[in-house]
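Start at 1 and go down the list; that is how both ligands and their atoms are numbered.
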Amino acid sequence: MSDSILQIRGLGKAFGGDWVLEGIDLDIRRGEFLTLLGPSGCGKTTLLRLIAGLETVSAGSLHLQGRDLTPIPAERRPVNTVFQSYALFPHLTVFENVAFGPRLQGVKGAELRRRVADALETVKLGELAARRPGQLSGGQQQRVAIARALVNQPLMLLLDEPLSALDYKLRKQMQLELKQLQRRLGITFVFVTHDQEEALSMSDRVAVMNAGRIEQLDTPRRVYEDPASLFVARFVGEANLLPARVLEQRPDGLSLELEGKPFEAARPQRFEPGGRVHLLLRPEDLDVWSPEELRRQPEYQARALAATVEEVIYKGAEVDLLVRLESGVQVAATAFFDEEDPTLEYQRGERVFVTWPAGWEVLLPFEDAS
Ligand SMILES: Nc1ncnc2c1ncn2[C@@H]1O[C@H](COP(=O)(O)OP(=O)(O)OP(=O)(O)O)[C@@H](O)[C@H]1O
Ligand SMILES: [Mg+2]
């Protein structure tokens with residue numbers, strides 16, 4: 001748990017007078033796959049560049065294994081970066097691209113050949129050492145870039161959107177390869193993406209960033225299921241937000257008014273009576289029932305919200321529905337086909353009821369969600 005390799009405290013970066021990164025506190029753990037996730041311009045690349053030493057720090061500190069990193073120049077930090085553009089030398093072979101860094105450090109002869117061969121083997125490119133980048137596919141070029149970073153045997157590998165130039169299928173394949181590589185080598189990976197699915201599927205932990213700050217640092221599962229803010233909730237997946245009013249705060253829960261009906265929320269969060277909250281529900285949390293089906297679900301009847309089906313989108317293994325509640329709020333619901341209920345027939349305009357398992361709602365402070 002406390003085996004942190006890099007301690008970041010109060011880190012900030014200003015360009016001119018503009019702070020683009022502020023108050024970053026982050027402990028990166030040895031051997032973890034940590035992802036920085038956030039929209040364009042939120043400061044992900046800047047944070048990586050500060051760790052790599054490619055930018056100077058404006059505030060705060062960075063300590064790698066207890067040692068202050070600030071006075072150490074980029075080329076002497078035990079950290080390597082894989083950039084989005086790969087930045088391979090087009091006129092050099094794959095071997096020479098990978099050998100470039102170690103050569104600069106004076107490694108040569110049999111030692112150099114062994115290290116380059118190892119790095120190329122790690123990314124399964126041993127056979128292609130004599131080719132030039134122009135003779136490789138996008139995925140192979142990406143693997144050369146990774147080999148070039150690994151050949152220096154870094155403590156940490158920083159990857160700035162390394163997969164964004166690849167098409168969808170290759171990207172999926174490289175996600176799996178990268179994850180397996182990281183597990184096999186046990187090197188700490190700090191990975192940047194603005195693709196939430198990529199972040200959730202690859203990472204041990206995700207730092208969700210917004211406007212130069214970290215809004216939540218957590219496991220993928222907690223970021224998705226228990227987002228700390230409306231921003232995080234909406235950034236990491238599709239979010240239904242149902243406005244509700246707080247009637248009463250009790251030690252073990254809240255009484256709310258939701259869609260004109262009383263609703264009991266089990267979460268012990270504190271909200272002011274009379275104030276407003278948002279209930280967050282993911283599309284897959286919701287069940288959509290016909291009136292006849294609901295009659296067979298007594299435990300849900302009191303809590304069911306009446307709605308009208310507006311859109312039915314067939315997706316093969318699932319059906320996505322857009323339904324409108326009586327208050328006018330539109331919600332998305334995903335229904336999955338299974339053996340017991342293979343029908344899933346819905347018609348546009350059909351009257352239905354929406355429910356979800358007790359306690360699955362997440363309560364968030366009310367914000368203008370537009
Ligand atoms: N050298 C620079 N000079 C001035 N402003 C900069 C510089 N580098 C970055 N910025 C600004 O800092 C902010 C954060 O940029 P950064 O590149 O870290 O974002 P990002 O999260 O990596 O975005 P993207 O997903 O688009 O790559 C942006 O507003 C950007 O314009
Ligand atoms: Mg960037």
Salt-bridged, D3 to R30, with N to O below 4.0 Å?
-> yes
N/O/S atom of T45 under 2.8 Å from the Mg ion (ligand 2), yes or no?
-> yes
Near V20, which atoms of ligand 1 are under 4.0 Å from a heavy atom of that residue?
-> 11 (C), 12 (O), 13 (C)
Note: E238-R282 ion pair, threshold 4.0 Å (strictly below) | no
Residue, atom name and distance, where the atom is the protein heavy atom closest to atom 25 (O) of ligand 1 = K44 NZ, 2.8 Å
Measure the distances from the heavy atoms of E161 to every atom of ligand 1 and state whether one is below 4.0 angstrom.
-> yes
Among non-hydrogen protein atoms, atom 24 (P) of ligand 1 lies closest to S40 OG, 3.6 Å
What's the shortest distance from atom 9 (C) of ligand 1 to any protein heavy atom, and which residue and atom give it?
-> F15 CE1, 3.5 Å
Give a yes/no verdict on whether any heavy atom in G43 is under 4.0 Å from an atom of ligand 1.
-> yes
Relative to each other, are the rings of F366 and H278 parallel, tilted or perpendicular (30° and 60° limits)?
-> parallel
Pair R324, T308: side-chain N/O donor-acceptor within cut-off below 3.5 Å = no
Out of G41, A14, G16, whose heavy atom is nearest to atom 14 (C) of ligand 1?
-> G41
Are a donor atom and an acceptor atom from the side chains of W289 and Q297 found within less than 3.5 Å of each other?
-> no
What residue among E197, E198, Q180 forms side chain to side chain donor-acceptor pair (under 3.5 Å) with Q175?
-> E198
Is atom 31 (O) of ligand 1 less than 4.0 angstrom from at least one protein heavy atom?
-> no
Which ligand 1 atoms are under 4.0 Å away from a heavy-atom of H194?
-> 25 (O)
T46: numbered ligand 1 atoms lying under 4.0 Å from its heavy atoms = 14 (C), 15 (O), 16 (P), 18 (O)
In ligand 1, the atoms that come under 4.0 Å of a heavy atom of T45 are 17 (O), 18 (O), 20 (P), 22 (O), 27 (O)
Regarding H194 and E161, is there a side-chain donor-to-acceptor distance under 3.5 Å anywhere?
-> yes
Will you find, in the side chains of D68 and T70, an N or O donor that is under 3.5 Å from an N or O acceptor?
-> yes
